[in-house]
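Notes follow once the structure below has been shown.
Note that this is a predicted model, so its numbers are computed, not measured. Here is the naming used below: chain letters follow the sequence lines, and residue numbers restart at 1 for every chain.
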Amino acid sequence: MNRRIERHRNILDFAISSLLRRKGKNLSLLAVYAFIVFIIASIVFFTQALKREATLLLEGAPDLVVQRMVAGRHDPIPITYGDKIAAIRGVSAVSPRLWGYYYDPFTGANFTLVASDDDPPAKESIYIGSGVARIMRLTTGVHWSLRGAKGTPAVFSVQKILPGNSELVASDLIQIREDDFRALFDFPLGRATDLAVVVGNKVEVPTIAAKISRQFPDTRPILKSEMLRTYDSVFDWRGGMVLVILSVAVLSFVLFAWDKATALSAEERKEIGILKSIGWETGDVLLLKSFEGMVISLTAYLVGVSVAYLHVFFFSASLFEHALKGWSVLYPRFGLTPVIDPYQLCVLFFLTVGPYTVATIVPSWLAATVDPDAAMRS
Amino acid sequence: MNRRIERHRNILDFAISSLLRRKGKNLSLLAVYAFIVFIIASIVFFTQALKREATLLLEGAPDLVVQRMVAGRHDPIPITYGDKIAAIRGVSAVSPRLWGYYYDPFTGANFTLVASDDDPPAKESIYIGSGVARIMRLTTGVHWSLRGAKGTPAVFSVQKILPGNSELVASDLIQIREDDFRALFDFPLGRATDLAVVVGNKVEVPTIAAKISRQFPDTRPILKSEMLRTYDSVFDWRGGMVLVILSVAVLSFVLFAWDKATALSAEERKEIGILKSIGWETGDVLLLKSFEGMVISLTAYLVGVSVAYLHVFFFSASLFEHALKGWSVLYPRFGLTPVIDPYQLCVLFFLTVGPYTVATIVPSWLAATVDPDAAMRS
Amino acid sequence: MRNSTWFLTLIGTLLAISSLLVLHAAISRAGGGARLASNRELLRRLKLSDLCLFTEARYTRHPAMADRHAAFQDHPMALEHFPSGSLMSPPDFRREAP
Amino acid sequence: MRNSTWFLTLIGTLLAISSLLVLHAAISRAGGGARLASNRELLRRLKLSDLCLFTEARYTRHPAMADRHAAFQDHPMALEHFPSGSLMSPPDFRREAP
């Protein structure tokens, strides 16, 4: 038993020294390899963490949101619809939501204005998200003038800045009183942006949505499950653009590795010939080559995954920031609760380590089965 | 003079026969090369033709469209705004536009409903675009039931199908009377979707837009120049995704060609040695190699561009159809007026022929400067 | 026949085809004028502001009318969440209602 | 020291770092509970239905509320005009008002 381990260690020693002999080539290969693993693992960590956060947070969202459509466009919904919806059996509460968008022409940022009757700010005061405070350089107590729908400026005092750890939910929010909201936007009385419906028994939600749709054919109910599914598809790293980028990355790596590994230099082929002529068996040569492959791929995998974890959860995925920002002026800064999904990491392991190992072993196997004399002479 | 031409023809003869000797390699290279040229030229032809069509067509668009915004969302505009806008000096006409979207749940298609007082259909009749007729299998005189905003079906008879050559403008259009439109969508009286403004002196359009914006702070004027710019950027093949795809294609071709051309086989190197030993000068060898390069690249370029022209203007860019369709159910079928932009074709010529020629000549030049004896022995 | 003759014939044929295509472009452009005029008339009559290209969603069907809260909306083909957002600069016009 | 010892030490260190990271994940998850609860409370209080991720345009700020005339809208990240539209299937829910 001990002898077999010793033999394996000897071959491992030899594999490492043979890798060290071609230091430049192998170090550059290792760096590219680790980088690819790093990028993919970062995407996996980031999207998984956001997905989990979205799922847990959206549990607090309304069971059903009912919007009115006129000529295929969203239109404020009469609050009287809410009373009739509340009368549907199984609906435990209906409350109008009043929210809209405010575009600030100076910074070019878009803010979301929300009026809520739960813990509202004082008259002519607002609560603002930390993103708003950051971009508009506002502090508590400061006055801020918004441009109203009639062109007249409306001055609000900042009563509270929402805590920094709520940026994922409220970075661009401005919470305002309902009467201030209606005055600012000249929003029609008796109407709301949409209606939030709470259903007692969650199983009944689709039935109630169908009932609402039948009773009010000009409305569109949006289920909480649909909201969740929207976020699931937004963060689905196997879909869309991410898939395209990833397949290009993986494909080019496979080609790169194949090229590096298959182009057995004359020197390497000679080496295999010598090893065979001094009595190594084909199995030993293959073990040597697979150790060479494993040393590279295992190191690259572990380094790539660890650095990706640090990148996403300690440095807030700062490399992706530019890509995620797009053209938005206000970019929420949020920390993510780490999520490690062993299944995804295993898939990643086999996707990156597999092709490389095959690419190193196959050509060596072809070379190792050749007559040693011919190999040395070639 | 004649002798020099004869000498060049002899070298060309030799270049072709030397290409024919490696038929497989060179034919596959030619095919890949022509394909890349074909793809890029197709994109250039398609986007240029659409861009020109858009520019010429949108000359007929309103100078200014004024939309009302409530809480950051589009909202029907009171028609009384129009009377006040008409009073602004320089405005020659203001007319309300009534248009909306109709989603057909059975086919999943979206149609655009337009009410116009110019040549309107009869009461309870509609004109439909050929795309609508195709997807709903409608013919003139047939009755079609649309679902109204109050849930009751409204039956319309198809009075006319718009001509097939108008698909680029009206494929998904349903033209309807104004009163039918208001009844179908329960659209508020005294309101319009937006206002179309005609300005006498086109130079004054931005000034008038600024005036409207100041007088009605809850509106948003959209200039015709902005509409044109939107379409310019949609069809800008140097921007966005197309650029990414193209650079990947060109880069991989450059790498491919570089690889094919630089990896001078031992045979080729020997050939250069023999040529030099029988008295060819370095200049002759380079001429031979550049002829080899030109035969491939010129043929590929001409074939690629011609096939691209046929593809785009005879077969309606059918290879792009899937990509352009996306998830739309109704896809307009339109022919395009051919546009040949010599500047773009020249850029394409130098982008594809240049790198390839360099990649063929450089290694041969290196080989040709070597001592013939050494070259033959290597 | 000499190789070069073959090749020059091929190139000549290809050039002839290309010239035919240029001719075709010129002829169809003349013929396309009627279609263009009737389409422009339809556009003017119905006061349309957009072409019918992508019918998927409101802002792809009417990109010129789409709300332009951010530059994003100006390019239905742009990929802002991805690096190309940095390849393509937002257009320089912006006029917004509050 | 033998080459293999060096290598095994390296792998051991990397594995140790990885375990530390797994530990960190477990600890932060426990600590993140308070933040999560307060955020969920804020969401419930303001009856929000979306996360604040992309503030560029209405349909990226509130993807769940965006109009879903076509499947397009369900994926603010989708590239329908390009081949990936065929890689990603539209979600199977569709409920529309006329």
Are any of the side-chain nitrogens in B:Glu6 or C:Arg2 under 4.0 Å away from the carboxylate oxygens of its partner?
-> yes
In terms of heavy-atom pairs under 4.5 Å with chain B, the winner among C:Leu15, C:Leu46, C:Ile27, C:Leu8 is C:Leu46
Ranked by heavy-atom pairs below 4.5 Å to chain C, first place among B:Asn10, B:Asn165, B:Val339 goes to B:Asn165
Does any heavy atom of chain C fall under 4.5 Å from the side chain of B:Val305, the backbone, both, or neither of them?
-> neither
Turns out that what part of B:Asp119 lies under 4.5 Å from chain C's heavy atoms comes down to both
Portion of B:Arg52 that has a non-hydrogen atom of chain C nearer than 4.5 angstrom | side chain
Check whether any side-chain heavy atom of B:Leu50 sits under 4.5 Å from a side-chain heavy atom of B:Leu168, and report yes or no.
-> yes
Stepwise side-chain contact (heavy atoms from CB on, under 4.5 Å) test for B:Phe291 and B:Ile16 = CA-CA 8 Å; B:Phe291 274 159; B:Ile16 294 170; over 6 Å; no
Most heavy-atom pairs under 4.5 angstrom with chain C, which of B:Leu228, B:Ile340, B:Asp172, B:Leu298?
-> B:Asp172
Which atoms of B:Pro96 come close to chain C, meaning under 4.5 Å heavy atom to heavy atom: side chain ones, backbone ones, both, or neither?
-> backbone
Whatever's closer than 4.5 Å to a heavy atom in chain B on C:Leu10 counts as side chain
Cut-off 4.5 Å, heavy atoms of chain C, and the answer for B:Ala54 is both
Leading residue by heavy atom contact count with chain B [cutoff under 4.5 Å; candidates C:Val22, C:Ile11, C:Ile17] = C:Ile11
Of the listed B:Val169, B:Leu310, B:Leu336, B:Leu12, the one with the largest count of heavy-atom pairs under 4.5 Å with chain C is B:Val169
Residue selection (most heavy-atom pairs with chain B, distance under 4.5 Å) from C:Leu48, C:Leu21, C:Leu20 = C:Leu21
Side chain from CB out, backbone as N, CA, C, O: work out which of these in C:Leu42 comes under 4.5 Å of a heavy atom of chain B, or both, or neither.
-> side chain
Nearest 0.5 Å please: distance from the CE atom of B:Met294 over to the OH atom of B:Tyr301.
-> 14.5 Å
So CZ of B:Phe216 and CD1 of B:Ile77: to nearest 0.5 Å the spacing works out to 7.5 Å
Quick one: do the B:Arg9 and C:Thr5 side chains pair a donor with an acceptor below 3.5 Å?
-> yes
Have B:Asp13 and C:Ser4 got a donor and an acceptor in their side chains that come within less than 3.5 Å?
-> yes
With a 4.5 angstrom heavy-atom cut-off, which part of B:Phe111 approaches chain C: side chain, backbone, both or neither?
-> neither
Does the ring centre of C:His24 sit less than 6.0 Å away from the ring centre of B:Phe313?
-> no
Please flag which part of B:Gln175 lies under 4.5 Å from any non-hydrogen atom of chain C: side chain, backbone, both or neither.
-> side chain
Does the B:Thr193 side chain pair with the main chain of B:Trp99, one donor and one acceptor, at a distance under 3.5 Å?
-> yes
So B:Val197 and B:Val65, side-chain contact (heavy atoms from CB on, under 4.5 Å) or not? Walk me through it.
-> CA-CA 6 Å; B:Val197 178; B:Val65 169; over 6 Å; no
